[in-house]
Amino acid sequence: MTFSFDLAGKTALVTGANTGLGQGIAVALAQAGASIVAVGRSSMDETERLCREAGAAFHSVQADLSSLEPIERIVAEAVTLTGRIGILVNNAGIIRRADAIDFTEKDWDDVMNVNLKSTFFLSQAVARTMIADEQGGKIINIASLLSFQGGIRIPSYTASKSGLAGLTRLLACEWAAKGINVNAIAPGYFVTNNTEALRSDPKRSSEILGRIPAGRWGNPSDLGGAAVFLASPAANYIHGIVLPVDGGWLAR
Ligand code: NAP
């Protein structure tokens, strides 16, 4: 028996693909043969260059995911450009840091809107197309260690990522029989804009590094293998998992 990790002929829609983990995932999916639709509010030029170097077709859709306004347009544009969406990676996300005692409603709502609300409604819009043509697909949510742990000074982020783990399981249960695999990846501590504040605080930075068994922070390319696996036919019977890619953090 053989297991295929080949994504040739598939289109992957990746949100927040201009930088960081989203860019790393888009490039890995491109290297595995997928066409890429990169969705976000910033220039996708660097990601386009990297995906084209991997031999992939590339399109971008400009959209701000802080509201639901662009959701239907994103899906319509992606389908017009590529025929169908076979893989959705919900990667776009933000974080706000403040003590829980001082946390504002705006920092709560802004984070929940991008990380959880837009993720749900984009998944719904894409799943409707996957169910309508009866070809199914793969949905991969980018969760966090804060899907398992509490953390400190990031109440809305922890709530959103813990909620995303639950949402991943719910959608897996509702859509598994319709040929859609819904899973999540929980990255550990990676070198991106998201962790800049932690890395520039010498005390927090060395505390974090000190408990990563692998002995280093992750690089965006470290996530690629997990994303390709969950997007591929090799994962056809995997539903509702939250897969840590964390250098061993949760094993500690
Ligand atoms: P990042 O470099 O800050 O990337 C975040 C991405 O989300 C960027 O592409 C950003 O676009 C996009 N985004 C944010 N708000 C958006 C909006 N309103 N509309 C459209 N796009 C928006 O951080 P990252 O680490 O790569 O984060 C990617 C995902 O991984 C996030 O969900 C994050 O929570 C998760 N994660 C990261 C780590 C880590 O250690 N880095 C660990 C666990 C989970 P702009 O560049 O235009 O702002």
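For reference, positions follow the sequence shown, starting with 1. Remember, it's a predicted structure, so these values are computed and weren't measured experimentally. Order of appearance sets the numbers: ligands from 1, and atoms from 1 within every ligand.
Scanning the protein heavy atoms around atom 40 (O) of ligand 1, the nearest turns out to be F190 N, 2.8 Å. Closest protein heavy atom to atom 5 (C) of ligand 1: G93 O, 3.6 Å. The shortest contact between atom 19 (N) of ligand 1 and any protein heavy atom is with L65 N, 2.8 Å. Among protein heavy atoms, atom 23 (O) of ligand 1 sits closest to N194 CB, 3.2 Å. The single protein non-hydrogen atom nearest to atom 48 (O) of ligand 1 is R41 NH2, 2.7 Å, given as residue, atom name and distance.
Only the side chain of T195 comes within 4.0 Å of ligand 1, counting heavy atoms alone; its backbone N, CA, C and O stay farther away. The part of Y189 lying near ligand 1 is the backbone, judged by heavy-atom distances below 4.0 Å.
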Query raised in the report: Can R211 and W249 be said to form a side-chain contact (heavy atoms from CB on, under 4.5 Å), step by step?
Result: CA-CA 7 Å; R211 75 153 279 182; W249 176 279; 3.0 Å; yes

Report task. Test T19 against E46 for side-chain contact (heavy atoms from CB on, under 4.5 Å), laying out the working first. Result -> CA-CA 8 Å; T19 185; E46 188 180 63; 6.0 Å; no

Query - I95/V111 under side-chain contact (heavy atoms from CB on, under 4.5 Å): CA gap, chis, key distance, verdict - result: CA-CA 6 Å; I95 193 164; V111 170; 5.8 Å; no

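Closest heavy-atom approach to atom 10 (C) of ligand 1 among the candidates N18, I185, L146: N18. Nearest-heavy-atom check against atom 13 (N) of ligand 1 across G24, A92, A143 picks out A92. Looking at N91, V89, L223, it is N91 that brings a heavy atom closest to atom 32 (O) of ligand 1.
Heavy-atom contacts of G188 reach the following atoms of ligand 1: 38 (C), 39 (C), 40 (O), 42 (C), 43 (C) (cutoff under 4.0 Å). Taking every non-hydrogen atom of G20 and a distance limit under 4.0 Å, the qualifying atoms of ligand 1 come out as 26 (O). Within ligand 1, the atoms closer than 4.0 Å to a non-hydrogen atom of A63 are 19 (N), 20 (C), numbered from 1 in the order shown. Which parts of ligand 1 touch P187 is read off a 4.0 Å heavy-atom cut-off, strictly below it: atoms 42 (C), 43 (C), 44 (C). Listed by number with element, the atoms of ligand 1 under 4.0 angstrom from any heavy atom of D64 are 17 (C), 18 (N), 19 (N). Every atom of ligand 1 is numbered from 1 in the order shown, and the set under 4.0 Å from a heavy atom of T19 is 2 (O), 4 (O), 8 (C), 9 (O), 46 (O). The contact set between ligand 1 and Y157, taken as ligand atoms under 4.0 Å from a residue heavy atom, comprises 33 (C), 34 (O), 35 (C), 36 (N), 43 (C), 44 (C). Atoms of ligand 1 found under 4.0 Å from any heavy atom of I94 (numbered from 1 in listed order, with element): 14 (C), 15 (N).
At under 3.5 Å, a nitrogen or oxygen of S42, whether backbone or side chain, sits near a nitrogen or oxygen of ligand 1. Any N or O atom pair closer than 3.5 Å counts here, and G16 shares at least one such pair with ligand 1. Polar contact with ligand 1: absent for N115 (N/O pair, distance under 3.5 Å). At under 3.5 Å, a nitrogen or oxygen of T192, whether backbone or side chain, sits near a nitrogen or oxygen of ligand 1. Some N or O of L21 is nearer than 3.5 Å to an N or O of ligand 1, by distance alone. Any N or O atom pair closer than 3.5 Å counts here, and G40 shares no such pair with ligand 1. Residue contacts with ligand 1: V114 is placed with no nitrogen or oxygen under 3.5 Å of a nitrogen or oxygen of the ligand (distance criterion only).
Side chain of R52 to main chain of F58: a donor-acceptor pair is present (N/O by atom type, distance under 3.5 Å, no hydrogens or angles). A donor-acceptor pair is defined here as one N or O able to donate and one able to accept, closer than 3.5 Å; such a pair exists between the side chain of R199 and the backbone of T192. The backbone N or O of N219 lies less than 3.5 Å from a partner atom in the side chain of D222, making a donor-acceptor pair. Side-chain N or O atoms of N113 include none that pairs as donor or acceptor with a backbone N or O of K117 at under 3.5 Å.
With contacts defined as side-chain heavy-atom distances shorter than 4.5 Å, the pair L198/R97 qualifies. Residues I152 and D99 fail the side-chain proximity criterion, which asks for heavy atoms closer than 4.5 Å. Residues V182 and N141 meet the side-chain proximity criterion, which asks for heavy atoms closer than 4.5 Å. Contact check for S144 versus Y157: side-chain heavy atoms found under the 4.5 Å cut-off.
If you run side chain to side chain contact (heavy atoms under 4.5 Å, CB included) between I139 and each of L171, N181, I85, N90, only N90 comes through.
Taking 4.0 Å as the cut-off, K161 counts as a neighbour of ligand 1 on heavy-atom distance.
Salt bridge R204/E207: present, at least one basic N to carboxylate O contact under 4.0 Å.
In the hydrophobic clustering of ILVMFWY residues, with side-chain heavy atoms under 4.5 Å counting as a link, L13 and M130 come out together.
A pairwise comparison of heavy atoms in A38 and M44 identifies CB-SD, 3.7 Å as the closest pair.
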